[in-house]
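Residue numbering restarts at 1 for every chain, and letters A, B, ... go by the order of the sequence lines. It should be emphasised that the depicted structure is a prediction, and the values quoted were computed from it without experimental measurement.
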There are 2 protein chains.
Amino acid sequence: MTVETRLAWTDVRDEIRSRILNRIYAPGDKLPRDEDIAQELGCARTTVHRAMQDLSFAGLVERKRKGGTHVRADPVTRTTFDIPITRREVEQRGCKYGYQMISRDVEQTPISVMARFGIQLAVDMLHVKALHLADNRPYILEDRWIDTRSSPEVLDVDLTRESANEWLVRHKPYSRLDVSFYAVNAEGDIARHLAAPTGTALLVIERTTWIGEAPITTVQATAMPGYQLSAHN
Amino acid sequence: MTVETRLAWTDVRDEIRSRILNRIYAPGDKLPRDEDIAQELGCARTTVHRAMQDLSFAGLVERKRKGGTHVRADPVTRTTFDIPITRREVEQRGCKYGYQMISRDVEQTPISVMARFGIQLAVDMLHVKALHLADNRPYILEDRWIDTRSSPEVLDVDLTRESANEWLVRHKPYSRLDVSFYAVNAEGDIARHLAAPTGTALLVIERTTWIGEAPITTVQATAMPGYQLSAHN
DNA sequence: AAAGTTATTATGTCACTACATAATAATGTC
DNA sequence: GACATTATTATGTAGTGACATAATAACTTT
């Protein structure tokens with residue numbers, strides 16, 4: 001096939017990225033003007049601009065009006081993770097999904113939860129613990145706090161049947177999200193619920209969401225032993 | 001000021017996102033055609049398209065030719081992590097960065113490493129262990145394999161002075177990257193090098209890179225106790 | 001010489017046009 | 001009626017042109 005396709009902006013991006021990676025444009029270097037690159041590659045300036053915008057979002061280059069485009073001196077490894085709702089994740093592994101609510105109480109927020117939300121005063125929130133199962137075996141243990149000011153309806157939801165994870169995803173869009181990962185040793189309730197020997201290293205995925213300034217929910221999802229979170233780029 | 005600014009594509013994106021978040025367009029719904037939205041908001045179709053492209057990358061909507069644009073029914077939590085080179089990470093925390101090479105050998109790849117690269121046959125690779133320090137305290141322990149077929153020059157690099165992490169970032173661009181996170185219990189060498197009591201839960205960040213089909217490097221970076229990786233979106 | 005003004009330059013943005021492409025619907029043929 | 005062919009439709013993409021904006025350089029004024 002003598003395709004002779006026009007250059008897509010992604011092709012231009014890949015070409016420029018490859019030049020950066022191959023040090024044709026070295027870290028700190030100033031790149032040619034968009035227009036010159038466009039001319040060289042035989043495309044329009046808008047196409048180069050679209051490519052540059054992507055590279056700029058990706059953290060590979062820095063752009064300034066008049067100042068031009070520079071290769072960032074300290075390239076970062078930028079990765080995108082998709083964290084699906086747990087039921088979906090289990091089903092995609094070809095396992096039978098199960099769910100168990102462990103506890104459900106309205107309680108005053110402890111300091112740790114206040115810190116995650118960035119609030120100063122303790123308030124009453126709905127505190128839900130639940131277990132997600134894959135093929136009837138413990139998979140992920142959820143320890144969740146839900147702000148009843150931004151989600152009063154959740155008080156009427158039967159959380160023994162539907163997981164708060166799912167209900168929130170479907171009903172409570174968020175505008176801001178914090179995620180962090182860390183490791184903990186299994187002990188006490190966590191060890192018991194996950195059927196993990198005391199001391200086992202477990203991965204925790206902590207997520208906190210807001211709508212505008214208002215907290216929605218924060219959750220510590222502690223995964224079964226051996227759990228691994230992966231991204232392919 | 002009677003500004004009467006033109007709508008930027010980011011404004012259009014924010015407007016549409018806000019409608020999705022406010023369930024004016026509910027999960028699963030079909031959005032109006034780009035052209036209709038353009039007309040309604042008083043902008044060109046290209047502007048709406050640019051906005052939609054962003055929302056589509058962000059995982060909020062799904063687009064199909066002819067099929068139109070739909071709000072994703074099960075929004076995934078999509079997060080972007082920046083993983084900087086370790087020296088930079090340490091320095092950004094305001095700590096003094098230190099580096100120590102522990103070992104450096106050419107060895108046959110064990111099965112686990114072959115699996116990470118997706119190769120069938122064992123080959124000789126450079127196996128480097130090194131410790132990154134923050135304020136003279138162990139911070140991250142690196143266990144790295146470097147394919148000398150794609151990076152023969154690395155054999156001549158003095159890895160007692162410069163970390164392989166840094167050398168590779170600066171000299172070996174990659175086209176594919178796998179990242180995963182998991183938790184391990186500190187034991188043996190790892191516990192000793194990180195000065196962590198045996199059994200302590202530690203976060204491991206595993207990264208593997210390729211250039212084209214050719215493996216470059218794979219690294220298990222085991223972090224000090226209490227280490228936390230965060231992203232804000 | 002210091003300060004303020006104007007010109008220049010490179011990126012940022014959008015409108016409009018034209019055409020490509022994929023999925024579907026409508027139509028025609030056997 | 002089953003199958004192949006042809007429109008139709010909505011998104012995907014690039015090009016051109018025009019103007020906005022920020023940073024710098026060049027120039028003037030005092």
Item to complete: Locate the shortest heavy-atom distance separating A/I146 from A/A164; write the atom from each residue and the value.
Response: CD1-CB, 4.1 Å
Discussion item. If you compare all heavy atoms of A/V204 against all heavy atoms of A/T222, which two are closest, and at what distance to 0.1 Å?
Written reply: CG2-OG1, 4.0 Å
Practice prompt. Could you check how far NE2 of B/H70 sits from P of C/dT24, rounded to whole Å?
Written response: 10 Å
Practice prompt. Would you mind reading off the distance between A/R65 atom CZ and D/dA25 atom P, rounded to a whole angstrom?
Written response: 18 Å
Worksheet item: Atom CZ of A/R33 and atom P of C/dA10: how far apart are they, to the nearest Å?
Response: 4 Å
Discussion item. Quick check: any donor-acceptor pair below 3.5 Å linking the side-chain of A/R63 to the base of C/dT11?
Written reply: no
Discussion item. For C/dA15 and B/T47 - does any side-chain N or O of the residue sit under 4.0 Å from the phosphate oxygens OP1/OP2?
Written reply: yes
Worksheet item: So, B/T218 versus B/R116: side-chain donor-acceptor pair below 3.5 Å or not?
Response: yes
Item to complete: Write down the distance between CE (A/M52) and P (C/dG12), rounded to a whole number of angstrom.
Response: 9 Å
Discussion item. Regarding B/T46, tell me which of base, sugar-phosphate or nothing describes its non-hydrogen contacts under 4.0 Å with the strands shown.
Written reply: base
Discussion item. Categorize A/R50 for me: base, sugar-phosphate, or nothing, with a 4.0 angstrom heavy-atom threshold over every strand shown.
Written reply: nothing
Practice prompt. Specify the separation, in whole Å, of atom CH2 of B/W9 and atom P of D/dG12.
Written response: 15 Å
Worksheet, complete the sentence: note: A/D34, atom CG; C/dT13, atom P; distance rounded to Å ~ 12 Å
Worksheet item: What pair of heavy atoms forms the shortest contact from B/F81 to B/S230, and how long is it?
Response: CE2-C, 3.7 Å
Item to complete: Identify, between B/G67 and A/T10, the residue whose nearest nucleotide on DNA chain D lies closer to the 5' end.
Response: B/G67
Worksheet, complete the sentence: A/R45 CZ to D/dC19 P, in whole Å, measures 14 Å
Worksheet item: Taking A/H132 as the fixed residue, which of A/Y227, A/Y139, A/Y99 is the one that meets the ring-ring contact (aromatic ring centres under 6.0 Å, His included) rule?
Response: A/Y99
Worksheet item: Counting just side-chain N and O atoms, does A/Q53 come under 4.0 Å of either OP1 or OP2 of C/dT13?
Response: yes
Worksheet entry | Protein-nucleotide distance (B/K66, atom NZ; D/dA10, atom P), rounded to Å | 6 Å
Worksheet item: Hey, is the side chain of B/H49 poking within less than 4.0 Å of OP1 or OP2 on D/dT11, counting only N and O atoms?
Response: no
